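Worksheet: the structure to be examined is printed underneath.
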Amino acid sequence: MLPIDVLRDVYGYGEFRGQQLAIITAACDGRDCLVLMPTGGGKSICYQIPALLCPGLGIVVSPLIALMMDQVGALRQLGIRAAFLNSSQSPREQQLVLEEIESGELDLLYVAPERILQEQTLDFLSARSCSIIAIDEAHCVSAWGHDFRTDYLALAQLRERFPDTPRMALTATADERTRTDIIHRLALHEPLRFVAGFDRPNIRYSVQPKGETKSQLLEFLTPRRGDSGIVYCLSRKSVDGTAQWLAERGFTALPYHAGMPNPSRSAHQERFLREDGVIIVATIAFGMGIDKPDVRFVAHLDLPKSVEAYYQETGRAGRDGEPAEAWMVYGLQDVVRLTQMMNQSQAPEQHKRIEQEKLNALLGWCEVTRCRRAALLGYFGEEYPGTCGNCDVCLTPPITWDGTESAQKLLSCVYRTGQRFGAGHVIDVLRGAKTDRIQRLRHESLSTYAIGSDHSALWWRSVARQLIVQGFLFVDHERYGGLRLTASSRALLRGDLTLLLREDVDKPRLRRKPQAKTGITASDTALWEVLREQRTQLADEQGVPPYMIFHDATLMEMVRLRPSSREELLSVSGVGQNKLERYGDLFIDLVTSAAETAQYTRIVLDRNTQGESDELSDH
Ligand code: ADP
Ligand code: ZN
């Protein structure tokens, strides 16, 4: 059998993506490989197909138990003989798995690193013929990346214990230092490197200045009712508050953070995975090890710490390749709060400096005036030719204006008030407010008092934020977040520079519809709902998430193609032999009876209205 046959028969997919075939071929030829692919790129197939094609057992080292169980569940749906070994199993269950391996009944075994490294397991497995060893989340071996795990370091010994088995290290982490680390620390032998681009073309990026956060969120979510997604907040308190607020507005929104009791936390995660249309409101504690393919949006109500964190968190959207949204609001208060948090930490100075630089890079990215995707990929050292047409900047280019004079006013006011106040007070002075503080400090006698009364406080906050991001103002954490001038502010004050600022719009100027759900028309909606219901029922019976039965994209294609025979159903992407056997007739029945009902309705309508109903029958 050829790799393409396995892809078609087992997975039900028509073609390989990107470098998948090259990777599979290399592994089948016995080469070690390093595979870098973004989330959702299709890494799993790269080691699963060699394990199916080559003689012996395929071993997958994976750090997260939940993920392992998920993968095995999905493989079993495809009819692949897979199992896992980990601490969640009873000794009896583990024994059964070992027996299956002994009698050659397994193609794929998932194990945690600490488990495979047990002498007993090593002896047992290395005495057998193995097709491939895949090391997933391979960046865990590097102290440079995030998620470093000491037990990953010991995986280097797999080279001696399995000298004839090709190894494949896989990760979605990009940077060069981590890559080199992986190769050395896992002792890969003359590895072939496969580096895919990091673009996630189906994700639409947009960033809005923070105004009324909740109404902005509501406006974003309303056209997306019924979609599942993640809303990230910085604090536990705002997680709880936001979840409740959304629930009161009829969304199925559940909180998730480290301060919750464990049982309700896992219950919420479980519902997110198993039910359609659940929104999880979470701190960044949520997401690691979630590979739900149909997360339609990731919304940030607070700024993450770095571009890397942002990319990782938003990467959880749209693994299935269908349109998805990465949406974020951010404002001056985020900048000040994050800077303060970083500086209050006990970390060494050097570390703090790096964190500050990373935050600055993210802030700069929020304010970009060129294609957001190009800028994001640029940060990872990848060139993106042209513009993407699928980010906020491409869709509604920001308006810029000459902010030199306004910036001078604000900077002078910072100077006149003694460089020790936060933006709130400085803006009060500029706008000529009559606060107690101003009276107490006699700031109404300053020359800059009320020179900016022609604009709103919100407008001035936007100017202040952009001045901070562009380095013309500095937030002095040692003095309670007071604003101070920088070396470059002087040039601006002297008028040696012209400063372009973005005009903040709290609502997108062009009302954009959410991205079309791959061409589902009104007349298809009924069938779509019927198919989804059937899917949920099957999933519930088996205790697996609905997406393991069929992905949304597969159901959508059924709606579009209306397959009426097994052969036609097999041509739908995501329907392989096993799923055809198990669910084929059921879904063909639903599709055909829906077609009959539609036809019947059409006939009745035609009769009743004598042909005037062409339009009606479409609804
Ligand atoms: P990763 O591990 O890289 O995040 P996965 O291996 O989970 O990605 O794959 C992401 C999704 O893409 C899965 O739903 C998978 O079934 C699907 N997929 C992978 N390869 C293909 C392909 N060649 N054609 C269609 N879908 C694919
Ligand atoms: Zn763009």
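Each ligand, and each atom within it, is numbered from 1 in the order the structure gives. These numbers come from a predicted model, not from an experiment. Both backbone and side-chain heavy atoms feed into the values below; hydrogens, waters and symmetry mates do not.
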Set out, in order, the CA-CA distance, both residues' side-chain angles and the distance that settles side-chain hydrogen bond (donor to acceptor under 3.5 Å, both in side chains) for Glu567 and Ser571, then state yes or no. CA-CA 7 Å; Glu567 202 168 27; Ser571 74; over 6 Å; no

Assess whether ring pair (Phe, Tyr, Trp, His ring centres under 6.0 Å) is satisfied between Phe272 and Phe286, documenting all intermediate values. CA-CA 11 Å; Phe272 177 67; Phe286 181 80; 5.6 Å; yes

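Counting only distances under 2.8 Å, and ignoring water, the protein N, O or S atoms around the Zn ion (ligand 2) are Cys371 SG, Cys388 SG, Cys391 SG, Cys394 SG.
Partners of Glu568 by salt bridge (charged side-chain N to carboxylate O under 4.0 Å, His left out), not counting sequence neighbours: none found.
Looking at heavy atoms from C-beta onward, Ile133 lies out of side-chain contact with Met168 at the 4.5 angstrom threshold. With contacts defined as side-chain heavy-atom distances shorter than 4.5 Å, the pair Met328/Ser206 does not qualify. For the pair Arg179/His139, no side-chain contact is recorded, criterion being any heavy-atom separation below 4.5 Å from C-beta on.
In this structure, the ring of Tyr256 has its center no less than 6.0 angstrom from the ring center of His268.
Sorted by first and then second residue, the ring pair (Phe, Tyr, Trp, His ring centres under 6.0 Å) pairs with a member in residues 5-63 form an empty list; sequence neighbours excluded.
For ligand 1, the 4.0 Å heavy-atom shell takes in Tyr13, Glu15, Phe16, Arg17, Gln20, Pro38, Thr39, Gly40, Gly41, Gly42, Lys43, Ser44, Ile45, Arg319, His551, ordered by chain and residue number.
A donor-acceptor contact shorter than 3.5 Å links the side chain of Arg373 to the backbone of Asn390.
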